[in-house]
Amino acid sequence: MKLVTTLYRQFQHLVHEVAKFGLVGLLGLVVDLPIYNWLVFANPLVLADSGEGMLHHKPLTAKLISTTVATVVTYFGNRYWTWRHRERSGLHREYVLFFVLNGIGLLIAAGCLAFSRYVLDLHTWLSDNIAANFIGLGLGTLFRFWSYRKFVFKEEIELDEAEHTPAPDSPAALDDSTGDLPAVR
């Protein structure tokens, strides 16, 4: 029964992290999408192709700009809400890692956009948004969730784990062969 309870707790915690990460990601999308569409199509509402924006012929540059702005927003949402319970390893370290990993996520989205634009020769607002903001963002989001949990916002020591670790002077910590405390190295 303890195994079932433990698995449930771990799964419940992951569901909460995924939900919070998703909401922060939606906020990032609300920032990213209008900026990209305004720069490329002169229409931040993403309702139709209304013409050519100032970076219409440079969609990858526009994606870089819009994603960078969204990254700043999502860093603070993830640090102070999604993974606020995790160990802090310094703002500089976390921020640099977060941006590097976001850069990889951006390359995934930009790769999908470049394929759509330059291989399939699709230049509409719909094709750009499907390639970059649906397919590319979806794949990039899976990568980001995994990498943030693994490298940026490291797991803290669980209270249960700390409670079950024997104290150095307790009988459970004694060396079985000699009955002495383990050597400290």
Side-chain angles (χ1 to χ4, degrees), residues 10-86 93-155:
Q10 288 177 348
F11 182 71
Q12 181 183 18
H13 182 70
L14 181 63
V15 167
H16 287 223
E17 280 188 349
V18 169
K20 289 178 179 181
F21 180 78
L23 288 172
V24 170
L26 282 174
L27 176 62
L29 183 64
V30 167
V31 171
D32 185 339
L33 210 59
I35 293 172
Y36 175 80
N37 283 286
W38 174 68
L39 290 171
V40 177
F41 301 107
N43 181 2
L45 299 178
V46 196
L47 297 175
D49 187 354
S50 61
E52 294 186 6
M54 64 182 95
L55 293 176
H56 186 74
H57 298 292
K58 294 184 178 191
L60 299 178
T61 303
K63 191 66 187 159
L64 173 70
I65 293 167
S66 66
T67 300
T68 301
V69 173
T71 297
V72 172
V73 171
T74 58
Y75 171 77
F76 290 105
N78 282 312
R79 170 72 270 165
Y80 296 106
W81 189 49
T82 306
W83 287 298
R84 72 175 178 250
H85 62 283
R86 291 186 174 232
R93 180 200 160 278
E94 285 179 359
Y95 206 64
V96 168
L97 267 176
F98 191 85
F99 262 88
V100 167
L101 296 172
N102 242 301
I104 295 169
L106 168 63
L107 289 175
I108 294 169
C112 293
L113 177 61
F115 183 79
S116 172
R117 276 278 180 132
Y118 305 119
V119 174
L120 300 177
D121 199 32
L122 301 172
H123 299 272
T124 68
W125 68 274
L126 184 60
S127 62
D128 274 12
N129 281 289
I130 288 173
N133 299 316
F134 182 71
I135 297 169
L137 185 64
L139 295 173
T141 296
L142 293 174
F143 168 77
R144 285 179 182 103
F145 182 76
W146 170 80
S147 64
Y148 296 165
R149 289 186 90 231
K150 180 90 174 154
F151 302 112
V152 181
F153 306 114
K154 293 183 176 184
E155 186 68 55

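- Residues Leu27 and Leu23 form no side-chain contact, since every pair of their non-hydrogen atoms from C-beta on lies 4.5 Å or further apart.
- With a 4.5 Å cut-off on side-chain heavy atoms, Trp125 and Asn43 do not count as touching.
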Please test Tyr118 against Leu60 for side chain to side chain contact (heavy atoms under 4.5 Å, CB included), starting from the C-alpha separation and ending with a verdict. CA-CA 11 Å; Tyr118 305 119; Leu60 299 178; 4.1 Å; yes
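- Between Phe21 and Asn78, some side-chain heavy-atom pair lies under the 4.5 Å cut-off.
- Expressed to the nearest 0.5 Å, how far NE2 of His123 lies from NE2 of His57 amounts to 9.5 Å.
- Across all their heavy atoms, Pro34 and Leu29 have their closest contact at CD-O, 3.9 Å.
- Partner of Lys63 under the side chain to side chain contact (heavy atoms under 4.5 Å, CB included) criterion, chosen from Val40, Ile35, Asn133, Leu39: Asn133.
- Taking CD1 of Ile130 as the start and OG1 of Thr124 as the end, the distance is 7.5 Å to the nearest 0.5 Å.
- Taking the side chain as every heavy atom from C-beta outward, Ser147 and Phe143 approach each other to under 4.5 Å.
- Minimum interatomic distance between Arg117 and Pro59 (heavy atoms only, all atoms of both residues): NH1-CG, 3.7 Å.
- Of all heavy-atom pairs between Glu94 and Tyr75, the closest is OE1-OH, 3.0 Å.
- The two residues Ser127 and Ser116 have their closest heavy-atom pair at O-OG, 3.8 Å.
- Counting heavy atoms from C-beta on, the side chains of Trp146 and Phe151 come closer than 4.5 Å.
- In this structure, NZ on Lys150 lies 13.0 Å from CG on Leu97, to the nearest 0.5 angstrom.
- The minimum heavy-atom distance linking Ala131 with Cys112 is given by the pair O-CB, 3.2 Å.
- Counting heavy atoms from C-beta outward, Asn102 and Tyr148 have side chains that approach closer than 4.5 Å.
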Begin with the C-alpha distance, continue with both residues' side-chain angles, and end with the deciding distance and a verdict on side chain to side chain contact (heavy atoms under 4.5 Å, CB included) for Phe115 and Leu120. CA-CA 6 Å; Phe115 183 79; Leu120 300 177; 3.7 Å; yes
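- Taking CG from Leu107 and CG from Leu113, the interatomic distance works out to 12.0 Å, rounded to the nearest 0.5 Å.
- Within a 6.0 Å radius of CZ in Phe11, no more than 12 heavy atoms belonging to other residues, nucleotides or ligands are found.
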I'd like to know whether Tyr95 forms a side chain to side chain contact (heavy atoms under 4.5 Å, CB included) with Val72, so could you lay out the CA-CA distance, the side-chain angles of the two residues, the decisive distance to 0.1 Å, and finally the verdict. CA-CA 9 Å; Tyr95 206 64; Val72 172; 3.6 Å; yes
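- Pairing each heavy atom of Asp128 with each of Phe41, the nearest pair is OD2-CZ, 3.3 Å.
- Annotation: side chain of Thr71 is not in contact with side chain of Leu106 (no heavy-atom distance under 4.5 Å).
- In this structure, the side chains of Tyr36 and Thr67 stay at 4.5 Å or more apart for every pair of heavy atoms.
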Verdict with reasoning, Ile65 to Leu55, per side chain to side chain contact (heavy atoms under 4.5 Å, CB included): CA-CA 11 Å; Ile65 293 167; Leu55 293 176; 3.9 Å; yes
